[in-house]
Amino acid sequence: MIRPCDIMTVSLARLIRDGETVFHGVSSHIPMIAVLLAKKQHAPNAVHLNIPGGVDPREPELKAYTSAGGELWETACAALPLQEVFDLSMRGGLDVAFLSGVQFDQYGRVNASVIGDYRRPKVRLPGGAGSAVLIPTAKRAILWRTKHDKRTFTEKLDFVTAQGHVSDIVTPLCCFTMHEGELILKSIHPGHTLDEVAANTGFPIRYFSAETTPEPTAEEMRALREIDPGDLRNLEFK
């Protein structure tokens, strides 16, 4: 059986093109491993940027506690501090930023600030941080979320933290892509159905064809095991 963490990681990796400059933040094990997988498989010339500032870390020994550890610095070929990543994005030089949030709507807007009324929230969340800068300025903001339910994919956000250049969202159930300013269903992961996606999404599902997400190949799974022997990509599902 295909695990959600594996198909999500592979789906994110396949969205990276050779030669692109790609950034991921903290608490981002799945995107971090996706970048390393893409570089190993089909995008060797992609440039990997991260929170510690290490450029293109070479075969890092990944640590469990974070996706912003020293191993991304120790084996890097160059340094680019985080503030320079923001500057690069605002100058149009960042091709892909991997980001997440707590709520998303059909227009690809993101809430990472509060649940409930902004002045008297039920829950106060971490806030925009890098997403408020990178979603509007990176050429493509690719989002991921390990939960897919109506509270996450909602018709109306409690607060709009960021909006802008969202191109794709990958979840345990499916892949969305942006088309003419709205999210449409791109593919459904094996073992799931259109009815299941619709029942767990708070806005109407639009699609051109209900395709099935291609399963990870044997080569992709072998590369994943080499890159991530500690199975860190599964942490968010435990």
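Just so it is clear, the values below take in all heavy atoms, side chains as well, and ignore hydrogens, waters and symmetry mates.
- Counting only distance, with no hydrogens or angles, the side chain of Thr171 and the backbone of Cys174 share a donor-acceptor pair below 3.5 Å.
- The two residues Pro31 and His24 come nearest to each other via the heavy atoms CB-CB, 4.2 Å.
- Glu84 places no side-chain N or O within 3.5 Å of a backbone atom of Pro81 that could act as its donor or acceptor partner.
- Side-chain contact annotation: Thr152 with Asp149, donor-acceptor N/O pair under 3.5 Å present.
- The two residues Phe104 and Val110 make their nearest non-hydrogen contact at CD2-CG2, 3.9 Å.
- Evaluated for a side-chain contact (heavy atoms from CB on, under 4.5 Å) with Leu82, the options Leu49, Ile51, Asn50 yield exactly one hit, Ile51.
- Of the possible donor and acceptor atoms, one in the side chain of Ser28 sits under 3.5 Å from a partner among the backbone N and O of Val26.
- The main-chain N or O of Gly54 is never found under 3.5 Å from a side-chain atom of His48 such that the two would form a donor-acceptor pair.
- Counting only N and O atoms by type, the side chains of His148 and Thr201 include a donor and acceptor under 3.5 Å apart.
- In plain terms, the two heavy atoms of Leu37 and Ala223 that are nearest each other are CD1-CB, 3.6 Å.
- For the pair Arg124 (side chain) and Ile115 (backbone), a donor-acceptor distance under 3.5 Å is absent.
- The nearest pair of heavy atoms linking Glu220 to Arg14 is OE1-NH2, 2.8 Å.
- Here the rule is side-chain contact (heavy atoms from CB on, under 4.5 Å) with Ile188, and of Leu194, Thr212, Thr213, Asp195 only Leu194 fits it.
- Looking at residues two or more places apart in sequence or on another chain, you find a side chain to side chain donor-acceptor pair (under 3.5 Å) between Glu226 and Lys40.
- Annotation for Trp144 and Ser27: closest pair CZ2-O, 3.7 Å, computed over non-hydrogen atoms.
- Under a 3.5 Å cut-off, the side chain of Asp168 and the backbone N or O of Thr177 do not form any donor-acceptor pair.
- A cation-pi contact, defined as under 6.0 Å to the ring centre and within 45° of the axis, is absent between Arg140 and Phe98.
- Shown here for Met221 and Asp6, the closest heavy-atom pair between the two residues is CE-OD2, 3.6 Å.
- With hydrogens and angles disregarded, no donor-acceptor distance shorter than 3.5 Å links the side chain of Asn111 to the backbone of Val102.
- Between Arg120 and Asp117 there is no salt bridge, since no side-chain N of the basic residue sits under 4.0 Å from a carboxylate O of the acidic one.
- Annotation: the span from Cys175 atom SG to Ile142 atom CD1 amounts to 10.5 Å, rounded to 0.5 Å.
- A ring pair (Phe, Tyr, Trp, His ring centres under 6.0 Å) with Phe176 is found for one member of Tyr207, Tyr107, Phe153 and no other, namely Phe153.
- Residue Met8 is not grouped with residue Leu99 when hydrophobic side chains (ILVMFWY) are merged at heavy-atom distances under 4.5 angstrom, including chains of intermediate members.
- Side chain of Arg206 to backbone of Glu182: no donor-acceptor contact under 3.5 angstrom is found.
- Side-chain atoms of Asp18 come within 3.5 Å of backbone N or O of Asn45 as a donor-acceptor pair.
- Atom CD1 of residue Ile33 and atom CG of residue Asp228 lie 3.5 Å apart, to the nearest 0.5 angstrom.
- Side-chain N or O atoms of Ser89 include none that pairs as donor or acceptor with a backbone N or O of Val85 at under 3.5 Å.
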